[in-house]
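Working notes for the structure below.
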Amino acid sequence: MTKLRSWLSGGVGTLGIIGLWWLAAITVTGSSEKISYSPVPTPIEVLQQFGTDGFEFFWKNASVTVAEASIGFLWGNLTALALAALAFMIPKIENLATQLAVITYCVPIVAIGPIIRLVIGAPDSGEPAGAAIALAALSVFFTTMVGALTGAKSADKAALDVVSVFGGKAWHRLIKVQLLSALPSILAALRIAAPAAFLGAILGEYVGGPDVGFGPAMVNAQQSLEVARVWALALASGAIAGLAYAAFGSLAKLVTPWARGN
């Protein structure tokens with residue numbers, strides 16, 4: 001019954017958003033002297049654009065952006081988890097590790113993107129952009145780092161004392177107690193980091209110089225005033241990010257069924 005109510009509320013909310021979108025498409029027109037086109041297409045026009053462009057167009061661009069986001073997601077999270085583990089084994093560097101995570105969060109990725117592009121260079125034709133991968137990695141580092149540290153600190157002190165009494169070192173406490181305690185928080189962080197990596201990859205494509213991907217496709221459509229295509233690409237991007245979020249949510253329920261809020 002609860003699931004049925006959830007589905008019903010979600011369906012009503014979706015229909016409401018589509019209705020507001022349609023109303024905006026009807027009422028918002030390019031009446032301004034600077035705008036000679038309608039900036040909000042109707043849902044039907046966007047669906048027609050999907051049909052006109054075809055699956056191949058979206059797959060060609062999505063495959064590059066998803067590859068950039070996946071590589072950045074992998075390296076960003078591995079680095080965050082490794083630094084969090086090192087901070088727990090060597091408590092003296094915890095403040096330094098936390099400050100580093102905060103710096104990566106505070107630095108605007110749009111501002112640092114051109115610098116990364118100059119350092120890494122432009123990609124080959126059809127290849128993922130290094131700048132997009134780097135920005136995707138930066139987008140997930142802080143979230144995963146904080147999630148790992150917060151989760152590990154919630155470990156049961158009695159269990160940690162037992163490991164210490166039996167001669168366990170910091171490494172043993174981390175593997176046997178803290179990692180298990182941190183697992184729900186880590187998976188929750190990964191759930192948030194997955195769509196963040198995709199967003200970071202798209203932003204990186206604006207400065208990374210790839211010729212294929214959602215970023216350059218949206219720029220080309222914008223410059224050509226193909227409004228429906230811009231909206232179609234934006235909706236496709238949102239759908240992919242939502243699928244990534246849902247996938248890690250399902251993984252969290254499967255791996256940590258004891259955790260609340262999964």
Side-chain angles (χ1 to χ4, degrees), residues 46 49-50 53-83 100-145 189-248:
V46 175
Q49 189 66 48
F50 274 110
D53 290 332
F55 176 80
E56 184 179 355
F57 170 79
F58 289 94
W59 174 256
K60 178 181 69 174
N61 290 288
S63 59
V64 174
T65 305
V66 169
E68 294 164 346
S70 300
I71 298 171
F73 179 84
L74 176 64
W75 283 109
N77 286 315
L78 285 178
T79 305
L81 293 175
L83 188 58
L100 180 61
V102 171
I103 290 173
T104 63
Y105 179 75
C106 293
V107 174
I109 59 175
V110 176
I112 201 174
I115 299 175
I116 296 176
R117 161 67 189 278
L118 291 174
V119 173
I120 297 178
D124 295 331
S125 178
E127 294 296 321
I133 294 172
L135 292 187
L138 284 175
S139 298
V140 306
F141 183 84
F142 176 80
T143 302
T144 304
M145 175 81 173
L190 294 179
R191 189 177 184 180
I192 299 172
F198 192 75
L199 173 61
I202 293 178
L203 292 176
E205 287 178 339
Y206 282 97
V207 297
D211 55 358
V212 181
F214 275 169
M218 281 191 278
V219 170
N220 293 333
Q222 180 185 5
Q223 293 175 346
S224 303
L225 297 182
E226 296 171 317
V227 179
R229 177 174 289 175
V230 174
W231 278 71
L233 288 166
L235 289 177
S237 300
I240 294 173
L243 286 174
Y245 179 86
F248 277 94

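The figures here come from the full heavy-atom set of this structure, side chains too, leaving out hydrogens, waters and symmetry mates.
- A pairwise comparison of heavy atoms in V46 and W231 identifies CG2-CB, 3.9 Å as the closest pair.
- In terms of modelled atom types and a separation under 3.5 Å, the side chain of T144 and the main chain of A80 share no donor-acceptor contact.
- Of the possible donor and acceptor atoms, one in the side chain of S63 sits under 3.5 Å from a partner among the backbone N and O of K60.
- Note that CG of L100 is 6.0 Å distant from CG of L83, once rounded to the nearest 0.5 Å.
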Legend entry - Check against side chain to side chain contact (heavy atoms under 4.5 Å, CB included), F248 and I192: CA-CA 9 Å; F248 277 94; I192 299 172; over 6 Å; no
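- Across all their heavy atoms, I120 and A134 have their closest contact at CD1-CB, 4.3 Å.
- Scanning both residues, A232 and Q49, for their nearest heavy atoms gives CB-CG, 4.4 Å.
- The structure places CD of E205 at 8.0 Å from CG of N61, a figure rounded to the nearest 0.5 Å.
- Scored by the ring-ring contact (aromatic ring centres under 6.0 Å, His included) test, F50 finds F58 as partners (sequence neighbours excluded).
- Taken from CZ in F141 to CG in L78, the straight-line distance is 11.5 Å, to the nearest 0.5 Å.
- Rounded to the nearest 0.5 Å, atoms CD1 (I133) and CH2 (W75) are 11.0 Å apart.
- Side-chain contact between L138 and I112: present, with at least one pair of heavy atoms (C-beta onward) separated by less than 4.5 Å.
- Counting all heavy atoms, side chain and backbone alike, A129 lies closest to E68 at N-OE2, 2.8 Å.
- Environment of CZ in F57: crowded, with over 12 heavy atoms of neighbouring residues, nucleotides or ligands closer than 6.0 Å.
- Nearest heavy-atom pair across Y206 and I202 is CD1-O, 3.1 Å.
- The heavy-atom pair separating D211 from P216 by the smallest distance is C-CG, 4.1 Å.
- Between Y105 and T143, every side-chain heavy-atom pair lies at or beyond the 4.5 Å cut-off.
- Between the side chain of T104 and the backbone N or O of A101 there is at least one donor-acceptor pair closer than 3.5 Å.
- Counting heavy atoms from C-beta outward, S139 and L199 have side chains that stay 4.5 Å or more apart.
- Atom CG of residue D53 and atom CG of residue L233 lie 7.0 Å apart, to the nearest 0.5 angstrom.
- Residue pairs that meet the salt bridge (charged side-chain N to carboxylate O under 4.0 Å, His left out) test with at least one member in residues 101-130, sequence neighbours left out, do not exist here.
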